[in-house]
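Report on one structure; see the data block that follows.
Counting from 1, the numbers follow the sequence of the chain as shown.
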Amino acid sequence: PHPLRFYAFIECGIALSAAITPLLLIGVRSLYFTTGGEINIGYTLATLLRIGMTLIVIGLPCFLMGGTLPAAVKYIQDDEDRERQRAGWFYGINIFGAVTGVVLSTFLLLEFFGAKGSLWLAAGLNLGIACWSFILARSRSVSEIVGSNQPVSIAPRADSGSSVGVIGKVDQRSVPS
């Protein structure tokens with residue numbers, strides 16, 4: 001799939017999986033109280049249970065967050081940038097964004113919106129980024145084809161059942177499917 005479209009799907013997954021964390025917290029809390037906690041099941045089993053519950057609640061969003069930067073870098077990467085300077089800039093921007101997010105959430109968002117409000121704000125931002133990425137992926141795909149000055153044909157592609165194909169030197173990854 002188109003790297004930016006893939007990035008948008010990842011952002012949607014982050015938003016949705018983060019949005020259900022309050023429900024997951026209710027479930028794992030109930031599970032932990034049902035077991036009786038550390039007093040009933042012992043230190044080792046209680047620790048393993050807490051680790052497992054943590055993975056249930058934050059595992060999927062964290063896993064998906066780890067995929068955003070590689071997907072974004074894949075989108076901006078091309079053969080002309082052999083030293084991968086754009087990728088380096090993206091990594092730098094990502095680190096700056098991470099630090100900014102930590103500072104803002106710790107000292108501003110949690111104070112003004114609380115934990116749930118901050119969670120909903122973050123999920124909304126991720127969903128907004130996903131929508132923007134879907135729109136950008138679609139418009140960039142069309143502009144890359146139109147602006148390429150290469151012959152374009154609507155014909156079946158040999159590598160898939162898609163009815164969209166390209167003849168010429170246009171990168172097939174840029175063709176909307």
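- In this structure Thr54 satisfies the side chain to side chain donor-acceptor pair (under 3.5 Å) test with no other residue, sequence neighbours excluded.
- In plain terms, the two heavy atoms of Ala123 and Ala15 that are nearest each other are O-CB, 3.4 Å.
- Between Phe134 and Phe9, the ring-plane angle classifies as perpendicular under the 30° and 60° cut-offs.
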Which pairs would a plain distance check flag for residues 87-97, meaning a side-chain donor or acceptor within less than 3.5 Å of a matching protein atom at least two apart in sequence or in another chain?
none

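- Scanning both residues, Pro22 and Ala19, for their nearest heavy atoms gives CD-O, 3.2 Å.
- Each side-chain hydrogen bond (donor to acceptor under 3.5 Å, both in side chains) pair with one or both residues in residues 25-41, not counting sequence neighbours, appears once here: Tyr32-Arg50.
- Listed by chain and residue number, Ser17, Leu64 satisfy the side-chain contact (heavy atoms from CB on, under 4.5 Å) test with Leu60 (two or more places apart in sequence, or in another chain).
- Applying the side-chain contact (heavy atoms from CB on, under 4.5 Å) test to Gln85 and every residue at least two apart in sequence or in another chain returns Asp81, Glu83.
- Clustering ILVMFWY residues whenever any of their side-chain heavy atoms sit less than 4.5 angstrom apart, transitively, puts Phe6 in a cluster other than the one holding Val73.
- Among residues at least two apart or in separate chains, side-chain hydrogen bond (donor to acceptor under 3.5 Å, both in side chains) pairs with a member in residues 120-132 are Glu11-Asn126.
- Hydrophobic cluster membership is shared by Leu69 and Tyr7, with clusters built from Ile, Leu, Val, Met, Phe, Trp and Tyr side chains linked at under 4.5 angstrom.
- Following chains of ILVMFWY side-chain contacts shorter than 4.5 Å, one can reach Leu31 starting from Val57, so the two form part of one hydrophobic cluster.
- At a threshold of 4.5 Å between side-chain heavy atoms, the hydrophobic network of Ile, Leu, Val, Met, Phe, Trp and Tyr places Ile129 and Leu127 in two separate groups.
- Proximity of the aromatic rings of Tyr75 and His2 is defined here by a centroid distance below 6.0 angstrom, and this criterion is met.
- Leu136 contributes atom CG, which lies 5.0 Å from atom CG of Leu4 (distance to the nearest 0.5 angstrom).
- Considering CD1 of Ile26 and CD1 of Ile20, their distance stands at 12.0 Å, rounded to 0.5 Å.
- Within a 6.0 Å radius of CD1 in Ile39, no more than 12 heavy atoms belonging to other residues, nucleotides or ligands are found.
- Each side-chain hydrogen bond (donor to acceptor under 3.5 Å, both in side chains) pair with one or both residues in residues 104-115, not counting sequence neighbours, would appear here, but there are none.
- The side-chain contact (heavy atoms from CB on, under 4.5 Å) search around Ile56 returns Leu24, Val28, not counting sequence neighbours.
- Cluster partners of Leu125 are Leu104, Leu108, Leu109, Phe112, Phe113, Leu121, counting Ile, Leu, Val, Met, Phe, Trp and Tyr whose side-chain heavy atoms approach within less than 4.5 Å, directly or via other members.
- The side-chain contact (heavy atoms from CB on, under 4.5 Å) check on Leu16 picks up nothing, with sequence neighbours excluded.
- The salt bridge (Lys or Arg N to Asp or Glu O under 4.0 Å) pairs that include a residue from residues 84-108 are Asp78-Arg86, where partners are two or more places apart or lie in different chains.
- Cluster membership for Phe63 and Ile10, using ILVMFWY side-chain heavy atoms within less than 4.5 angstrom, is shared.
- Applying the salt bridge (Lys or Arg N to Asp or Glu O under 4.0 Å) test to pairs two or more places apart or on separate chains, none has a residue in residues 87-106.
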